[in-house]
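First comes the structure, then the notes that go with it.
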Amino acid sequence: ASATTKNIDRIEWSLEKATEIGEGGITPILCERTGHKGSKEERLQKILQTAAKQSHRTICPGLNGLIKLSDFVKNQSSNELLVGYCGNEYPKQSLQEAIKGENKTVLIGPEGDFTAEEVKLILDRENSKAITLGDYRLRTETAALQVVSAFNLIN
(Lines give C-alpha, C1' and ligand atoms only; values in the text may rest on other atoms or scores of the structure.)
Protein backbone atom coordinates (compact mmCIF):
# COMPACT_ATOMS: atom_id res chain seq x y z
CA ALA A 1 0.00 0.00 0.00
CA SER A 2 1.59 3.22 -1.11
CA ALA A 3 0.70 6.87 -0.90
CA THR A 4 0.21 8.53 -4.26
CA THR A 5 2.77 11.04 -5.52
CA LYS A 6 2.18 14.57 -6.78
CA ASN A 7 3.23 13.59 -10.29
CA ILE A 8 0.90 11.09 -12.00
CA ASP A 9 3.77 9.97 -14.28
CA ARG A 10 5.64 8.70 -11.21
CA ILE A 11 2.58 6.73 -10.07
CA GLU A 12 2.19 5.14 -13.48
CA TRP A 13 5.90 4.30 -13.72
CA SER A 14 5.89 2.78 -10.25
CA LEU A 15 2.86 0.60 -10.99
CA GLU A 16 4.40 -0.58 -14.25
CA LYS A 17 7.72 -1.53 -12.66
CA ALA A 18 6.12 -3.14 -9.59
CA THR A 19 4.04 -5.30 -11.91
CA GLU A 20 7.08 -6.31 -13.94
CA ILE A 21 8.98 -7.22 -10.76
CA GLY A 22 6.11 -9.33 -9.42
CA GLU A 23 3.79 -7.30 -7.19
CA GLY A 24 0.73 -9.24 -6.08
CA GLY A 25 -1.63 -6.42 -5.16
CA ILE A 26 -1.57 -2.65 -5.08
CA THR A 27 -3.54 -0.23 -2.91
CA PRO A 28 -3.05 3.52 -3.29
CA ILE A 29 -3.56 5.23 0.07
CA LEU A 30 -4.64 8.77 0.85
CA CYS A 31 -2.54 10.33 3.60
CA GLU A 32 -2.47 13.80 5.10
CA ARG A 33 0.49 14.72 2.87
CA THR A 34 -0.66 12.85 -0.23
CA GLY A 35 0.15 14.85 -3.34
CA HIS A 36 -2.22 13.39 -5.94
CA LYS A 37 -5.80 12.77 -4.85
CA GLY A 38 -6.88 10.45 -7.63
CA SER A 39 -6.22 9.14 -11.09
CA LYS A 40 -7.96 7.47 -13.97
CA GLU A 41 -8.39 3.89 -12.83
CA GLU A 42 -8.97 2.66 -16.40
CA ARG A 43 -5.58 4.00 -17.48
CA LEU A 44 -3.83 2.44 -14.48
CA GLN A 45 -5.48 -0.93 -15.17
CA LYS A 46 -4.23 -0.77 -18.76
CA ILE A 47 -0.70 -0.01 -17.54
CA LEU A 48 -0.85 -3.04 -15.22
CA GLN A 49 -2.14 -5.31 -17.99
CA THR A 50 0.52 -4.16 -20.44
CA ALA A 51 3.29 -4.61 -17.87
CA ALA A 52 2.00 -8.06 -16.91
CA LYS A 53 1.90 -9.11 -20.55
CA GLN A 54 5.39 -7.71 -21.21
CA SER A 55 6.88 -9.59 -18.26
CA HIS A 56 5.05 -12.86 -19.10
CA ARG A 57 2.92 -12.83 -15.96
CA THR A 58 -0.14 -15.01 -16.17
CA ILE A 59 -2.01 -12.97 -13.56
CA CYS A 60 -2.23 -9.20 -13.45
CA PRO A 61 -1.89 -7.77 -9.92
CA GLY A 62 -5.02 -6.42 -8.33
CA LEU A 63 -5.42 -2.67 -8.18
CA ASN A 64 -7.64 -1.50 -5.35
CA GLY A 65 -9.29 1.89 -5.29
CA LEU A 66 -7.79 4.88 -3.50
CA ILE A 67 -8.55 4.62 0.23
CA LYS A 68 -7.94 6.83 3.26
CA LEU A 69 -5.10 5.55 5.42
CA SER A 70 -7.35 5.29 8.51
CA ASP A 71 -9.87 3.15 6.61
CA PHE A 72 -7.13 0.99 5.16
CA VAL A 73 -5.63 0.28 8.59
CA LYS A 74 -9.07 -0.47 10.03
CA ASN A 75 -9.83 -2.96 7.21
CA GLN A 76 -6.60 -4.96 7.58
CA SER A 77 -7.72 -7.71 9.90
CA SER A 78 -5.31 -10.58 9.24
CA ASN A 79 -2.19 -9.16 7.63
CA GLU A 80 0.75 -7.91 9.61
CA LEU A 81 1.22 -4.21 8.83
CA LEU A 82 4.75 -2.98 8.31
CA VAL A 83 5.23 0.77 8.07
CA GLY A 84 8.32 2.24 6.49
CA TYR A 85 8.93 5.77 7.66
CA CYS A 86 11.84 8.12 8.29
CA GLY A 87 11.32 9.08 11.95
CA ASN A 88 13.06 7.61 14.99
CA GLU A 89 10.23 7.63 17.56
CA TYR A 90 9.76 3.84 17.41
CA PRO A 91 12.22 0.96 17.20
CA LYS A 92 12.51 -0.41 13.67
CA GLN A 93 13.19 -3.81 12.22
CA SER A 94 15.06 -4.21 8.94
CA LEU A 95 12.99 -4.76 5.83
CA GLN A 96 14.80 -8.05 5.18
CA GLU A 97 13.82 -9.49 8.56
CA ALA A 98 10.31 -8.06 8.71
CA ILE A 99 9.03 -9.39 5.38
CA LYS A 100 9.92 -13.03 5.89
CA GLY A 101 6.82 -15.18 5.69
CA GLU A 102 3.30 -14.59 4.46
CA ASN A 103 0.41 -12.20 5.12
CA LYS A 104 2.46 -9.02 5.23
CA THR A 105 1.36 -5.60 4.03
CA VAL A 106 3.91 -2.81 3.76
CA LEU A 107 2.80 0.81 3.94
CA ILE A 108 4.88 3.36 2.05
CA GLY A 109 4.31 6.99 2.94
CA PRO A 110 3.91 10.10 0.83
CA GLU A 111 6.46 12.70 -0.16
CA GLY A 112 7.32 14.29 3.18
CA ASP A 113 6.66 11.00 5.04
CA PHE A 114 3.75 9.94 7.21
CA THR A 115 2.74 12.39 9.93
CA ALA A 116 3.44 11.41 13.55
CA GLU A 117 -0.30 10.84 14.03
CA GLU A 118 -0.45 8.49 11.02
CA VAL A 119 2.48 6.42 12.26
CA LYS A 120 0.86 6.18 15.71
CA LEU A 121 -2.45 5.11 14.11
CA ILE A 122 -0.69 2.29 12.28
CA LEU A 123 1.51 1.14 15.15
CA ASP A 124 -1.32 1.25 17.69
CA ARG A 125 -2.98 -1.49 15.67
CA GLU A 126 -2.21 -5.00 16.90
CA ASN A 127 0.21 -6.92 14.66
CA SER A 128 1.99 -3.84 13.28
CA LYS A 129 5.61 -2.78 13.35
CA ALA A 130 7.94 -0.09 12.07
CA ILE A 131 10.56 -1.02 9.52
CA THR A 132 13.55 0.64 7.93
CA LEU A 133 14.39 0.46 4.25
CA GLY A 134 18.03 1.36 4.83
CA ASP A 135 20.25 4.35 5.45
CA TYR A 136 18.94 6.61 2.70
CA ARG A 137 15.74 8.59 2.29
CA LEU A 138 13.91 7.23 -0.77
CA ARG A 139 11.24 8.68 -3.00
CA THR A 140 7.83 7.10 -2.51
CA GLU A 141 7.98 5.14 -5.76
CA THR A 142 11.58 4.00 -5.14
CA ALA A 143 10.68 2.73 -1.67
CA ALA A 144 7.73 0.79 -3.08
CA LEU A 145 9.94 -0.88 -5.69
CA GLN A 146 12.58 -1.72 -3.09
CA VAL A 147 9.89 -3.49 -1.02
CA VAL A 148 8.53 -5.42 -4.02
CA SER A 149 12.05 -6.52 -5.00
CA ALA A 150 12.91 -7.58 -1.45
CA PHE A 151 9.67 -9.61 -1.14
CA ASN A 152 10.49 -11.49 -4.31
CA LEU A 153 14.08 -12.20 -3.28
CA ILE A 154 13.32 -13.29 0.27
CA ASN A 155 10.02 -15.10 -0.18
Side-chain angles (χ1 to χ4, degrees), residues 1-31 33-86 92-114 118-119 122 125 127-134 136-155:
S2 180
T4 59
T5 61
K6 291 177 185 170
N7 185 329
I8 186 66
D9 293 338
R10 289 186 185 276
I11 296 168
E12 292 174 357
W13 180 86
S14 179
L15 291 176
E16 176 185 64
K17 299 309 170 198
T19 300
E20 291 173 3
I21 293 169
E23 176 61 50
I26 301 161
T27 302
I29 52 175
L30 185 61
C31 302
R33 296 179 180 149
T34 295
H36 197 269
K37 306 289 188 215
S39 53
K40 296 183 179 176
E41 205 167 314
E42 255 180 56
R43 176 163 169 73
L44 298 181
Q45 285 290 353
K46 184 170 177 134
I47 289 169
L48 294 178
Q49 291 167 356
T50 302
K53 186 183 275 187
Q54 187 278 328
S55 57
H56 296 272
R57 292 188 63 178
T58 55
I59 298 172
C60 189
L63 177 63
N64 301 310
L66 182 66
I67 186 171
K68 286 175 54 177
L69 175 65
S70 57
D71 293 335
F72 181 81
V73 171
K74 186 172 45 175
N75 293 336
Q76 294 295 306
S77 57
S78 61
N79 283 2
E80 179 177 19
L81 289 184
L82 308 172
V83 57
Y85 80 106
C86 299
K92 296 181 194 173
Q93 188 174 24
S94 74
L95 172 65
Q96 295 83 353
E97 286 299 314
I99 63 173
K100 289 180 182 174
E102 297 182 4
N103 299 322
K104 312 277 183 164
T105 298
V106 180
L107 292 142
I108 302 297
E111 298 161 356
D113 207 3
F114 289 111
E118 289 171 330
V119 173
I122 297 163
R125 178 193 170 273
N127 204 18
S128 298
K129 66 175 76 163
I131 61 169
T132 178
L133 304 181
Y136 304 106
R137 184 175 295 234
L138 304 174
R139 287 183 179 267
T140 300
E141 65 275 14
T142 306
L145 292 178
Q146 182 172 350
V147 169
V148 172
S149 294
F151 258 105
N152 282 341
L153 289 171
I154 292 172
N155 294 310

Minimal non-hydrogen separation, [X] against [Y], with atom names:
X	Y	value
A144	S2	CB-OG, 4.4 Å
Q146	L138	OE1-CD1, 2.8 Å
I21	N152	O-ND2, 2.5 Å
A143	I108	CB-CG2, 3.8 Å
T140	G109	OG1-O, 3.0 Å
A150	L95	CB-CD2, 3.7 Å

Should L107 and F114 be marked as a side-chain contact (heavy atoms from CB on, under 4.5 Å) after you check the CA-CA gap, both sets of side-chain angles, and the distance that decides it?
CA-CA 10 Å; L107 292 142; F114 289 111; 4.0 Å; yes
Beyond-backbone contact of [X] with [Y], side-chain heavy atoms, under 4.5 angstrom:
X	Y	answer
I67	N75	yes
F151	E23	no
E141	L145	no
L81	F72	yes
D71	K74	yes
L48	I26	yes
T34	C31	yes
R10	R139	yes

Is a side-chain donor or acceptor of [X] paired with a backbone partner of [Y] at a separation under 3.5 angstrom?
X	Y	value
K104	A98	yes
K92	G84	no
D113	C86	yes
E118	L69	no
T4	L30	no

To the nearest 0.5 Å, how far apart are [atom1] in [X] and [atom2] in [Y]?
X	Y	atom1	atom2	value
S94	K100	OG	NZ	7.5 Å
L66	E41	CG	CD	9.0 Å
E16	S55	CD	OG	9.5 Å
Q93	L82	CD	CG	8.0 Å
T58	K53	OG1	NZ	13.5 Å
R33	K6	CZ	NZ	10.5 Å

What residue among L63, L15, I11 forms side chain to side chain contact (heavy atoms under 4.5 Å, CB included) with P28?
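The side chain to side chain contact (heavy atoms under 4.5 Å, CB included) with P28 is passed solely by L63 among L63, L15, I11.
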Check this for me, if you would: do E12 and R43 make a salt bridge, where the nitrogen-to-carboxylate-oxygen distance has to be below 4.0 angstrom?
yes
For the pair V83 and S128, evaluate side-chain contact (heavy atoms from CB on, under 4.5 Å) and give the outcome as yes or no after the intermediate values.
CA-CA 8 Å; V83 57; S128 298; over 6 Å; no
